[in-house]
Amino acid sequence: MGFSNDFVWGVATSSYQIEGAAFEDGKGLSIWDTYSHEPGKVFEGHHGDVACDHYHRYKEDIRLMAELGVKAYRFSVSWPRVLPEGTGAVNEKGIAFYSDLVDEMLKYGITPYLTLYHWDMPYELYKRGGWLNPDMPRWFAEYAALIAERLGDRVKNYMTFNEPQVFIGLAFVDGVHAPGHRYTRQETLLMAHHVMLAHGLAAQAIRGKVADARIGYAPTSNVPVPVTMEERDVEAARRAYFEMPENGDWSWNTAWWSDPIVLGHYPEDGVKILEKDMPKIGQDDMKIIHQPLDFYGQNIYRGEPVRAGEDGKAIHVPYPEGSPKTAIGWHVNFDCLYWGTRFLYERYQKPIFITENGMSSHDWVHLDGKVHDPQRIDYLQRHLQWLKKAAEEGVDIAGYFQWSFMDNFEWARGYHDRFGIVYVDYQTQERIPKDSFYWYQQLIRENGENL
């Protein structure tokens, strides 16, 4: 027994990374539209003004997905494209784009999985305080209700947020993503609480419009992976995945971002450590945040090897000299999907989607006109072998979304890194399926049976 017969094989992208058309057809500004044009913020001054020009070429891209044979496409809506001010007046041309995009998917039998927020906050809401503003959860719920009302007759699968650890942590704790400010721990914890309130209100709003909606959430994490299968090391890794570090480094803590949403409360160890900086929790806040989830998404790219110390707590083990890295410089742990899904399912007991997984490789067009990426094929095969092992051992793995369908704008790294299984020539906008495209195509046909 491996992957179920209804296993969802898909690909993923996000709006700012591929759409382009940044200033067309009534779209408002996002924080990435402004941040990417600030000198020194993005690699070599790159920006997403055109990106992959998906806004104009979506039919070509969906045809390629149909050729690939994916069952599902995870995409995100640009909030300022449909609500230029973030709230209030609707941009009908923006809504029409996503409606046409959904129709194109359904024409080929591809199921839409819609992410509401993949980091492109409307700039007008940022000027009003963004996630610090207590009205932000309500504004987000209004946006969610609009999308559900206009697309809910055809879109049934929704994810509220992608990687809050990044759009709060990297943006406001580390200050290296849009809008690029460093705030206090008290302020960023308040932002995080507003994000989780926004999730809950959005889930209520969607279900109020779409009775048969399925709602999920897509945080991210690096997974502590035990260096042996001995229970002592496994337990140390499990604890390290969820326990709050004693130094209070909360922004990447798995339990902090998921316990409130799935279990209905903040983790006790985290509250104790962060007590003096905790936001005021309203009487009904946790009830709002703790909405029923139909599935739990997790973006996993890599692990962190650990072993148990004398006290049973995890000790990080250095990578061996010369151990493999991807082109972006990330270490490779082929078993991270196994341990990540195993630990998450033990704790949360929800069907799990890997909502992003993939690698940056040194890709270019070869003399034969093709793009050969054997490292990516090997990376995907090994990771999926371990994911299959988790499924065989009883973890409810519902689906896998490869990141990414095509090369795109990789945030602060611009076009430096290529994660796609489709190569994009940014000068001509030509799409060239890589060898990994055809490998994934065959894998989908076989439902992973021959991994």
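Remember, it's a predicted structure, so these values are computed and weren't measured experimentally. When a residue number appears, it is its place in the shown sequence, counting from 1.
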CG/Asn222 to SG/Cys336 distance, rounded to the nearest 0.5 angstrom?
8.5 Å
Does the gap between the ring centers of Tyr117 and Phe167 come in under 6.0 Å?
yes
On the ring face of Phe242, is Arg347 found with NZ or CZ under 6.0 Å from the centre and within 45° of the axis?
yes
Whether the Glu24 and His56 side chains hold a donor-acceptor pair (N or O, under 3.5 Å, no angle test) is what I'd like checked.
yes
Using the side-chain hydrogen bond (donor to acceptor under 3.5 Å, both in side chains) definition, which of the options Thr220, Asn357, Thr355 pairs with Asn299?
Thr355
CE of Met278 to CH2 of Trp250, rounded to nearest 0.5 Å, is 10.0 Å
Can you find a side-chain donor-acceptor pair between Arg74 and Asn162 that sits under 3.5 Å?
yes
Can a donor-acceptor pair be found between the side chains of Arg185 and Ser251 at a distance below 3.5 Å?
no
What is the ring orientation for Phe3 with Phe7, classed by angle as parallel under 30°, tilted 30 to 60°, or perpendicular over 60°?
tilted
Do the ring planes of Phe401 and Phe353 sit parallel (below 30°), tilted (30 to 60°) or perpendicular (above 60°)?
tilted
Residue pairs passing the salt bridge (Lys or Arg N to Asp or Glu O under 4.0 Å) test where at least one lies in residues 27-37, sequence neighbours excluded
Lys27-Asp33
Fit a plane to each ring of Phe75 and Tyr98, take the angle between them on a 0 to 90° scale, and name the class: parallel (under 30°), tilted (30 to 60°) or perpendicular (over 60°).
parallel
Any Lys/Arg nitrogen of Arg207 or Asp294 sitting under 4.0 Å from an Asp/Glu carboxylate oxygen of the other?
yes
Are Tyr16 and Phe409 an aromatic pair, judged by ring center distance below 6.0 Å?
yes
Do Lys41 and Ser36 come within less than 4.5 Å of each other through their side chains, counting heavy atoms only?
no
Taking the six-membered ring for Trp, are Tyr55 and Phe97 closer than 6.0 Å centroid to centroid?
yes
Do we see a donor-acceptor contact under 3.5 Å between the side chains of Asn133 and Tyr126?
no
For residues Val234 and Trp339, determine if any side-chain heavy atom of one lies less than 4.5 Å from a side-chain heavy atom of the other.
yes
Shortest non-hydrogen contact from Gly2 toward Ala391:
O-CB, 3.8 Å
Could you tell me if Tyr379 and Ser436 have a donor-acceptor pair between their side chains, going purely by distance under 3.5 Å?
no
Residue pair Val11, Trp403: steps toward the side-chain contact (heavy atoms from CB on, under 4.5 Å) verdict:
CA-CA 6 Å; Val11 287; Trp403 183 274; over 6 Å; no
Worked verdict on Asn333 versus Arg302 for side chain to side chain donor-acceptor pair (under 3.5 Å):
CA-CA 6 Å; Asn333 300 85; Arg302 49 184 169 156; over 6 Å; no
If you take all heavy atoms of Ser99 and Leu151, which pair is closest and at what distance?
CA-CD2, 3.7 Å
State whether Arg307 and Glu230 are salt-bridged, where the test is any N-O pair (Lys NZ or Arg NE/NH1/NH2 against Asp/Glu carboxylate O) under 4.0 Å.
no
Do Phe334 and Trp386 have ring centroids that are under 6.0 Å from one another?
no
From Gln17 atom CD to Met406 atom CE, the distance as rounded to the nearest 0.5 Å:
10.0 Å
Has the side chain of Ser404 got a donor or acceptor atom that lies under 3.5 Å from a matching backbone atom of Asp407?
no
What do you reckon, are the aromatic ring centroids of Trp256 and Tyr241 less than 6.0 Å apart?
no
Looking at Tyr338, I'd like to know if the NZ or CZ of Lys389 sits under 6.0 Å from its six-membered ring centre while staying within 45 degrees of the ring's axis.
yes
Compute the centroid of each ring, for Trp32 and then for His177, and state whether the two points are separated by less than 6.0 Å.
yes
Lys/Arg N to Asp/Glu carboxylate O, Glu92 vs Arg150, below 4.0 Å
yes
Determine, for Arg81 against Glu19, whether the closest basic-nitrogen to carboxylate-oxygen distance falls under 4.0 angstrom.
yes
Is the closest side-chain donor-acceptor distance between Ser360 and Thr326 under 3.5 Å?
no
Among side-chain atoms of Thr341 and Gln298, is any donor-acceptor pair under 3.5 angstrom?
no
Within the 4.5 Å heavy-atom criterion, are Arg182 and Phe172 side-chain neighbours or not?
no
Quick check for you: to the nearest 0.5 Å, what is the distance between Asp335 atom CG and Arg342 atom CZ?
11.0 Å
Exercise: identify the closest heavy-atom pair between Val317 and Val227
CG2-CG1, 3.9 Å
Is Glu246 paired with Lys272 through a side-chain N to carboxylate O contact shorter than 4.0 Å?
no
Test item: side-chain donor near acceptor, His265 and Asp259, under 3.5 Å
no
Counting the benzene-type ring for Trp, do Tyr217 and His199 have ring centres under 6.0 Å apart?
yes
Just so I know, are the side chains of Met121 and Met136 near enough to count as touching, which here means a heavy-atom distance under 4.5 Å?
yes
The test is side chain to side chain donor-acceptor pair (under 3.5 Å); show your working for Tyr266 and His193 and say whether it passes.
CA-CA 10 Å; Tyr266 282 106; His193 189 65; 2.7 Å; yes
Are Asp285 and Leu197 close enough, and set up right, to give a side-chain contact (heavy atoms from CB on, under 4.5 Å), and what steps lead you there?
CA-CA 7 Å; Asp285 283 7; Leu197 280 170; 3.9 Å; yes
Tell me if the centroids of the rings in Tyr143 and Trp139 come within less than 6.0 Å of each other.
no
Are side-chain N/O atoms of Tyr296 and Ser258 paired as donor and acceptor at under 3.5 Å?
yes
Heavy atoms only: give me the nearest Pro245-Asn253 pair and the separation to one decimal.
CD-ND2, 4.2 Å
Would a 4.5 Å heavy-atom cut-off, applied to side chains only, mark Arg154 and Leu106 as touching?
yes
What is the minimum heavy-atom distance between Ala202 and Ala144, and which atoms define it?
CB-CB, 3.7 Å
Looking only at heavy atoms, which two atoms of Pro279 and Leu190 are closest? And how far apart?
CB-CD1, 3.8 Å
When you look at Glu410 and Arg418, which way does the salt bridge (charged side-chain N to carboxylate O under 4.0 Å, His left out) test go after all the steps?
CA-CA 8 Å; Glu410 283 295 336; Arg418 292 183 178 270; over 6 Å; no
Between Arg138 and Glu142, is there a side-chain N and carboxylate O pair less than 4.0 Å apart?
yes
Going from CZ on Arg238 to CZ on Phe343, what distance comes out if it is rounded to the nearest 0.5 angstrom?
5.5 Å
Asp61 bridged to Arg57 by N-O distance under 4.0 Å
no
Relative to the ring of Phe419, is the ring of Tyr301 parallel (under 30°), tilted (30 to 60°) or perpendicular (over 60°)?
perpendicular
Residue pair Arg413 / Ile328, side-chain heavy-atom distance below 4.5 Å
yes
State the NZ-CG distance between Lys276 and Leu189, to the nearest 0.5 angstrom.
10.0 Å
Does Asn157 reach the main-chain N or O of Ala213 with its side chain, forming a donor-acceptor pair under 3.5 Å?
no
